[in-house]
Amino acid sequence: MSIDAAPESAETPKPSNFIRDIILQDLQNGKHGGRVHTRFPPEPNGYLHIGHAKSICLNFGLAQEFGGKCNLRFDDTNPSKEETEYVDSIIEDVRWLGFDWEDRLFYASDYFEQLHDWAVQLIRAGKAFVCDLTAEQVREYRGTPNEPGKESPYRNRSVEENLDLFARMRAGEFPDGSRTLRTKIDMASPNFNLRDPVMYRILHAEHHRTGNQWCIYPMYDYTHGESDSIEGITHSICTLEFEDHRPLYDWYVENLGIHHPQQIEFDRLNLTNTMLSKRKLLMLVQKGIVSGWNDPRMPTLSGMRRRGYSPEAIRQFCANIGVSKTNGIIEFSLLEYYLREDLNARAARVMAVVDPIKVIIDNYPEGETEQLEAVNHPDHPEMGNRLVPFSKTLYIERDDFREDPPKQYYRLSPGREVRLRYAYFITCQRVVKDPVTGEVLEIHCTYDPATRGGNAPDGRKVKSTIHWVSAEHALDMEARIYENLFLAEGGGDDDFLASLNPNSLVKMAGKIEPSVRTAPAGTRYQFERVGYFCIDPDSSPAGLVFNRTVALRDTWAKIDKAQKPKG
RNA sequence: UGGGAGAUCGUUCAACGGUAGGACAGCAGACUCUGACUCUGCUUAUCGGGGUUCGAAUCCCUGUCUCCCAGCCA
């Protein structure tokens, strides 16, 4: 019984935002001929994470809403950091999230020749020059926030000399870092981006697509606007840190006299206790702190997919977090809310015990087995029923028994009667303990045969219903219980490794009802009263492995914690 | 002590000169063969100071705080 057996939870209408308002206004004014064309422009230097999902949903969502188009374009101008593996993963992840770029899969590297020609055009117009300053010298010449920069001594080379030098840069005559092509703008500008920014640098590196065809590579600022322009992008949506780059973006398309898309900046996603820096995520992978980019603890889309997140839940989250220019941090519980909302509506229910303790029904016949009927989803009768085996020896959750029940605890304890879900009422008679450690080893109970199926003919009530599995029939499983990778709210911004959560992964030896035996990896379930779980790719019939996607909300845990504030 | 941007419940988004509203979180109940789900109710906010106006979160002035920018990264 897979999650897909249930209908999708409805996606509610998205709230508006300032970018949508701008587009609405542009449409009204007939700007861009009434077209809406966006793009999602990842650099293939890492895996996509939940922060990218916000951008993907925004760009593709806006295009969808206004009958426009959204391209997928790789911003691959730095061969030293980019790899095909990342390209492949990004394509897979955007698709998985549920978006389609049709035949519009592009690469900035597709435009290298055009970009080069435009650079020549700028040189001819006296607006670009080849500079022989070293990287350190360029930094010194750039000035500081308080003082203007100094002009490069090479700034006034003749057009002919610049043309010649640039051609030789391309031809590979010069070593890495020896020269750059720079735009001639204004070394006194208060905006550093306009202090004669570098357009091309020399990099004798193999590019994942163009191989060794080039040894000069264009910089982001020189590439991005033109790529947008070539593709006929109308609204170029990016994050806040590019606000200072907009004047340069505008400068290039204006001075080249080409189609001028409008750059609009919005706030990137921040999530509590979550680190969303590709650089640091890469470090976690390289240091082996996580098992890979798709470790279920990673905030990457591939990690979340493996963990059991549904694309619908992520989309719903992205649609509701809002888009603004405020630098904020979203509480992780909001993501979990949308996750649970989707999973609750769709995941088949099953009984599994994550931390088992043995229960023996003393008055139940030895060797007997009954098949008891359980519903697969309380809200979806069409998902059907299944039979769950019951016998004399069972496992229940260790946490569902207390020898000394605290106030408001109404699960199993000595002398108390509870219901075994879909089965019988049982009453705890006594416990067997380890004589040395005092640990409870077995709980002995009696059952009331008249309560078969879970209802008492005399109408008596029990305070609690607990889940169980039959010891003889249950399957062994490993339950991987995850918590946030980072303890610090900011995701450990500063010394992020110091903030690592030592309990981010705990493996439990659990037991699960046999109905899941043949389910494929990726199947999502609700373990009743415990949480949502998903079969991990590591799982096999010989060794079932489940990832806890998210726990169920747990009111009792709150009460319990409040009662003993030590925690 | 340059430039750019932003400040509204604990968090986040809205209100676009006319009753500060929603979501999450929290708290209290109801319901329940999942202490889940669902439902009901409640608490809590306009960064400070001046103006303009019948009326200001919104307009003006001023101050404060936060974020981003000195890669041949994106």
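In what follows, every chain begins at residue 1, and chains take the letters A, B, ... in the order their sequences are listed.
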Nearest 0.5 Å please: distance from the [atom1] atom of [X] over to the [atom2] atom of [Y].
X: A/Asp250; Y: A/Gln262; atom1: CG; atom2: CD; answer: 9.0 Å
X: A/Thr300; Y: A/Ile50; atom1: OG1; atom2: CD1; answer: 10.0 Å
X: A/Asp196; Y: A/Tyr154; atom1: CG; atom2: OH; answer: 14.5 Å
X: A/Thr183; Y: A/Ile123; atom1: OG1; atom2: CD1; answer: 10.0 Å

Taking only the side-chain heavy atoms of [X] (C-beta and beyond), determine which of [options] contains the nearest atom.
X: A/Arg553; options: B/C37, B/U34, B/A74; answer: B/C37
X: A/Thr326; options: B/C68, B/U34, B/G6; answer: B/G6
X: A/Leu334; options: B/C24, B/G35, B/C72; answer: B/C24
X: A/Glu243; options: B/G3, B/C72, B/A5; answer: B/A5
X: A/Ser324; options: B/C72, B/A14, B/A36; answer: B/A14
X: A/Val198; options: B/G2, B/C68, B/C72; answer: B/C72
X: A/Glu43; options: B/G2, B/C72, B/A74; answer: B/A74
X: A/Asn327; options: B/U34, B/G3, B/C67; answer: B/C67
X: A/Asn146; options: B/U1, B/C73, B/A23; answer: B/U1

Report the base-pairing partner of B/U66 (Watson-Crick or G-U wobble, both distances below 3.5 angstrom), or none.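 Answer to the pairing question: B/A5, which forms a Watson-Crick or G-U pair with B/U66.
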Base-pairing assignment for B/C27 (Watson-Crick or G-U wobble, both under 3.5 Å):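 WC or wobble partner is B/G41.
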Value in whole Å for how far the [atom2] atom of [N] lies from [atom1] of [X]:
X: A/Arg179; N: B/C72; atom1: CZ; atom2: C1'; result: 14 Å
X: A/Asp221; N: B/G71; atom1: CG; atom2: C1'; result: 11 Å
X: A/Met219; N: B/A70; atom1: CE; atom2: P; result: 11 Å
X: A/Phe192; N: B/G2; atom1: CZ; atom2: C1'; result: 8 Å
X: A/Tyr337; N: B/G10; atom1: OH; atom2: P; result: 21 Å
X: A/Arg182; N: B/G71; atom1: CZ; atom2: P; result: 12 Å
X: A/Tyr141; N: B/C72; atom1: OH; atom2: P; result: 15 Å
X: A/Arg268; N: B/C68; atom1: CZ; atom2: P; result: 11 Å

Scan [X] against the nucleic acid and name what it touches under 4.0 Å (heavy atoms): base, sugar-phosphate only, or nothing.
X: A/Gln408; result: base
X: A/Leu181; result: nothing
X: A/Pro41; result: nothing
X: A/Glu331; result: base

Taking syn as a glycosidic torsion within 90° of 0 and anything else as anti, which one is B/G63?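 This nucleotide is in anti.
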Indicate whether OP1 or OP2 belonging to [N] is found under 4.0 Å from a side-chain N or O atom of [X].
X: A/Arg421; N: B/G35; result: no
X: A/Thr555; N: B/A36; result: yes
X: A/Arg142; N: B/G71; result: yes
X: A/Tyr220; N: B/C73; result: no
X: A/Lys558; N: B/G26; result: yes
X: A/Arg349; N: B/U34; result: no
X: A/Thr77; N: B/A74; result: yes

Donor-acceptor contact present, side-chain A/Asn484 to main-chain A/Phe486, <3.5 Å: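 The answer is no, because no donor-acceptor pair under 3.5 Å joins these two groups.
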Examine distances only and state if a side-chain atom of A/Glu513 and a backbone atom of A/Met351 form a donor-acceptor pair shorter than 3.5 Å.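 Checking the backbone N and O of A/Met351 against the side chain of A/Glu513, a donor-acceptor pair under 3.5 Å is found.
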Comparing A/Ile329 and A/Trp556 on RNA chain B - which has the more 5′ nearest nucleotide: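 Result: A/Ile329.
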Quick check: on RNA chain B, is the nucleotide nearest A/Leu552 upstream (toward 5') of the one nearest A/Asp76, or the reverse? Name the residue that is more 5'.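 The 5'-side residue here is A/Leu552.
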Within the modelled atom types, does a donor on one side and an acceptor on the other bring the side chain of [X] and the base of [N] under 3.5 Å apart?
X: A/Arg139; N: B/G71; answer: no
X: A/His245; N: B/A74; answer: yes
X: A/Asp554; N: B/G35; answer: no

Do A/Tyr86 and A/His208 make the cut of ring centroids closer than 6.0 angstrom?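 Centroid distance A/Tyr86-A/His208: not below 6.0 Å, so no.
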Verify the ring-centre separation between A/His52 and A/Tyr47: is it less than 6.0 angstrom?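 Ring centres of A/His52 and A/Tyr47 not closer than 6.0 Å.
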